Amino acid sequence: MDEQYLPEKVEKDAQAYWDKHQTFKAVEDPHREKFYCLSMFPYPSGKLHMGHVRNYTIGDVLTRFMRMQGRNVLQPMGWDAFGLPAENAAIANNVPPAKWTYDNIGYMKQQLKSLGFAIDWGRELATCKPDYYRWNQWLFLRMLEKGIAYKKTGVVNWDPVDQTVLANEQVIDGRGWRTGAVVEKREIPMYYLAITKYAEELLADLDKLPEWPERVRTMQANWIGKSTGVRFAFPYKLDDRDERLWVFTTRADTIMGVTFCAVAAEHPLATHAARNNPKLAAFIDECKHGTVMEADLATMEKKGMPTGINVTHPLTGEPVPVWVGNYVLMGYGEGAVMAVPAHDERDFHFAKEYRLPIKQVIQVSSETFSTDAWQEWYADKTRGRCVNSGMYDGLDYTGAVDAIAADLKAKNLGDKQVMWRLRDWGISRQRYWGCPIPIIHCGRCGDVPVPDKDLPVVLPEDCVPDGSGNPLNKRADFVNCACPKCGQPARRETDTMDTFVDSSWYYARYCCADNGAAMVDARVKYWMPVDQYIGGIEHAILHLLYSRFWWKVMRDTGLVQGDEPFARLLTQGMVLNEIFFRKPASGRVVYYNPADVEIRIDDKGVRTGAVLKSDGQPVESSGIGTMSKSKNNGVDPQSLIDQYGADTARLFIMFAAPPEMSLEWSDEGVAGANRFLRRLWKLVAEHVSAGLPAKADFSNLPPALRNLRRQSHQTLAKVTDDIGRRRTFNTVVASVMELSNALSRHGDASEQAKAVRHESLEFITLALAPIVPHITHALWMALGHREAVVDARWPQADPIALKQDSLEIVVQVNGKLRGRVAVPVDAKEDKVREIALADEGVARHVGGKAVKKVIVVPGKLVNIVVAG
RNA sequence: GCCGAAGUGGUGAAAUUGGUAUACACGCUACCUUGAGGUGGUAGUGGCGAAAGCCGUGUGGGUUCGAGUCCCACCUUCGGCACCA
């Protein structure tokens, strides 16, 4: 064994061993319990970032741990390879997205290998390859047959200068990122997937996911947003025709307080009213400015304009004016709302702004209503009763909703209805670098699905986008085709699919990535569901919801079994770093990488300032943020691996924070992690050089060695629980460090001590094996083993070693810590109380006062409550 | 705006079921060691106080023998909001 820890050599050796023995090749074996550990696959953006390293290290630790527990593990890897950044790179560098993507994959794959992840590379896939995305197309066609996929218009961001559709990300402060033109909303035809047909099941099945974080289930439930309300109509006449303005409300109890209605700018009623009203037409036009982003719509100034059209209140028969409101969404509900200013905060402010009447119809006793200012209770449906509502006066929320719904139903003007916040999934993208939608447009036959035998519709890989629309439109060889039905010349659809489609089923494809004849096969039944899925919290809603939906569609198509694809979910936190900048008197803010900044501290270690290393002048800090190019605060994992090795990188990331929390970067922390590995190496090297112990006999240990051995086994028990159940890897590292510190302090050179130390070092090596697999590979061999640590079994703590004779109990007086006493492990409550009260320090604090109560918590503490 | 989290020493954090607040690590201080280049080691390190002791987990209330943990209100920061992935 080398005296010094040489990470480069150690890591090369271990990786060569795994390669040679094909250690991570996963083979289906019905006789063994499987463990499918999946990390979210990376987008091949160029090089790995720290978030990737964190994600895949967490997955790797669990994979290796489960492997040592005897499970048949699968940890695959692939590439989420379609997407916008490839097109941006194409525009910037004039390279085809395909070449850029494949180059990045090559580089990042080599980086992943250098980190020593236990990946079965035989199952690698890339979503931009036809053998993958043909099955997107194939299942899309099945969805068309089932009526789950359908076509309708949708609203997109439109750049009027580039004449192109913009992603939300490409809109900056309401303007196109390249042209600076004010973005407009535009309606275009698109394909949708009817995820709302699965809304009920997607909501209910959250209960089948007890191993998902509570917050993710809550967010999904709120996103799906089931609400029961009343859908009803305001009748009106239009050119002597009888029409109805339909609305939906969850507050039908306030229907008698309706003083106006508001419709979206795109609503047919608005369009009709604008025909002879230039001012209204101009307003509707103005509403088209801006983006389709929900956050923008929710925070913008609420504006409106009357249409001049009145509708009739369905219960009172009174005329109700209709307004156009820029805050009403055409895509949600009916594109029209009833407005009750007295009991809806947004309506209240709108009515004040435009001097519309406010009519109170709910009263909470003991409160006073005033139109001067909004008060919380106006919208409180739990405490209010109806007033000024005729026959509904005195009813509470449910009573009023029931009565009003019944009356509307009797008039054939409405009824109760379940409403979802969830909207159908628009998958059409007017972009090149994605999976082609398999449709052919024929002048005679309309939209014709591409027959299965013609799949895949292959995307040409040599296009170079220039930012002005989809280059596929200019590719005659792609666009021009024959109609599959009538054989006449036709046009191929050039829209591609949302990349969320690609990532909605890749987990299933890993099970059978080599199958060229079918989307999935029997191997999926063995591996699925994923036992542990790991990825960023930012995917808590969209990706996970789409995947759950897609899986259910596959199930209903007879392709797979089971209701949910991911049994257990771990959402990792973000990786953060400090942000340094200078703001010159004129010009733009300049950001400096933390590696180029020196922190100044005083002699207590408290920070006094920061200067740039190159010029010694101060820089400002704007706190901590996620690592990003724009803030120039990224740390390149490669430099870390080059400097310290993969194990140090892995150890620091696992140690710095629990996986679900955000992780703050620290160069000193990395150095500390490396220091620990060097100390551990030295500890083992010294132990080994003294000669390995003979067969261990632990039956007659002196107390000091018994205590040390107990600590070893306690550590093992804790570490097993921390990885296996709690998934808190930071505390795993901490307790192993504690044990290693205890070993260093023990100078005993006896044969017995050697044996205890040997056992402890084996535990430490095994416990760390999932986290730092390379160094432990070397240490395990040095400790005298023939088999590799990766194939070793996870040990079990020995109950005899764990046994203790006495316990330390904390004694409190009035809740304050006043003493510690030792009690026998089997002492009864009375005995514990007696020992506690007899303690000298405790007696001093009781000070002869009357003892009112004594609380004994077995094995923990005694609290003596005294008077005064 | 809406939905979901987080906030504990100088710093990252620990405290698992309401029961010893600050484990482990970083930083800092002192001393020792080594011929300076990611040295190694020993001791100390929440605040105030001479001490006894008191105070202390974002802020303000509350429940409890006992609250970092539970309840109410608020502040700040972060994630998501349907075309970034």
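Keep in mind that what you see is a predicted model, and the values were worked out from it rather than measured.
- Take A/Asn633 and apply the side chain to side chain donor-acceptor pair (under 3.5 Å) test, not counting sequence neighbours, and it matches no residue.
- Not counting sequence neighbours, A/Tyr644 has no partner by the side chain to side chain donor-acceptor pair (under 3.5 Å) test.
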Mark up nucleotides 35-63 of chain B, 5' to 3', with B wherever a protein heavy atom is under 4.0 angstrom from a base atom, S wherever such an atom reaches only the sugar-phosphate, and - elsewhere.
---B-SS-----------SSS--------
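- Listed by chain and residue number, nothing satisfies the ring-ring contact (aromatic ring centres under 6.0 Å, His included) test with A/Phe580 (two or more places apart in sequence, or in another chain).
- In terms of the ring-ring contact (aromatic ring centres under 6.0 Å, His included) criterion, residue partners of A/Phe549 (sequence neighbours excluded) are, by chain and number, A/Tyr198.
- Pairs of residues two or more places apart, or lying in two chains, that qualify as salt bridge (Lys or Arg N to Asp or Glu O under 4.0 Å) and include a residue from residues 660-683 of chain A are A/Arg215-A/Glu660.
- Across A/Cys435 and A/Asp502, no two heavy atoms sit closer than the pair CB-OD1, 4.2 Å.
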Could you go over nucleotides 15-18 of chain B and give all protein N or O partners under 3.5 Å, atom names and distances?
residue: B/A15; atom: OP1; partner: A/Arg726; partner atom: NH1; Å: 3.4
residue: B/A15; atom: OP1; partner: A/Arg726; partner atom: NH2; Å: 2.6
residue: B/U16; atom: O2; partner: A/Arg725; partner atom: NH2; Å: 2.7
residue: B/U16; atom: N3; partner: A/Arg726; partner atom: NH1; Å: 3.2
residue: B/U16; atom: O4; partner: A/Lys718; partner atom: NZ; Å: 2.5

Let me have a per-nucleotide readout for nucleotides 66-85 of chain B, 5' to 3', with B, S or -, counting only protein heavy atoms under 4.0 Å.
-------------BSBBBSB
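- Which of B/C65, B/A14, B/G1 sits closest to the side chain of A/Thr299 comes down to B/G1.
- Residues that satisfy the salt bridge (charged side-chain N to carboxylate O under 4.0 Å, His left out) test with A/Asp162, not counting sequence neighbours, are A/Arg178.
- Counting to the nearest Å, the P atom of B/G12 and the CE atom of A/Met654 are 19 Å from each other.
- A gap of 11 Å separates the C1' atoms of B/C71 and B/A67, to the nearest Å.
- For residues 727-744 of chain A, no residue pair satisfies the salt bridge (Lys or Arg N to Asp or Glu O under 4.0 Å) rule, not counting sequence neighbours.
- Between the side chain of A/Arg607 and the base of B/U11, no donor-acceptor pair of N or O atoms lies under 3.5 Å.
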Kindly express the pairing pattern of RNA chain B in dot-bracket notation, using | wherever a base pairs with another strand and counting only Watson-Crick or G-U pairs under 3.5 Å.
(((((((..(((......[....)))((((((.......))))))(((....)))..(((((..]....))))))))))))....
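- Residues meeting the side chain to side chain donor-acceptor pair (under 3.5 Å) test with A/Arg421, sequence neighbours left out: none.
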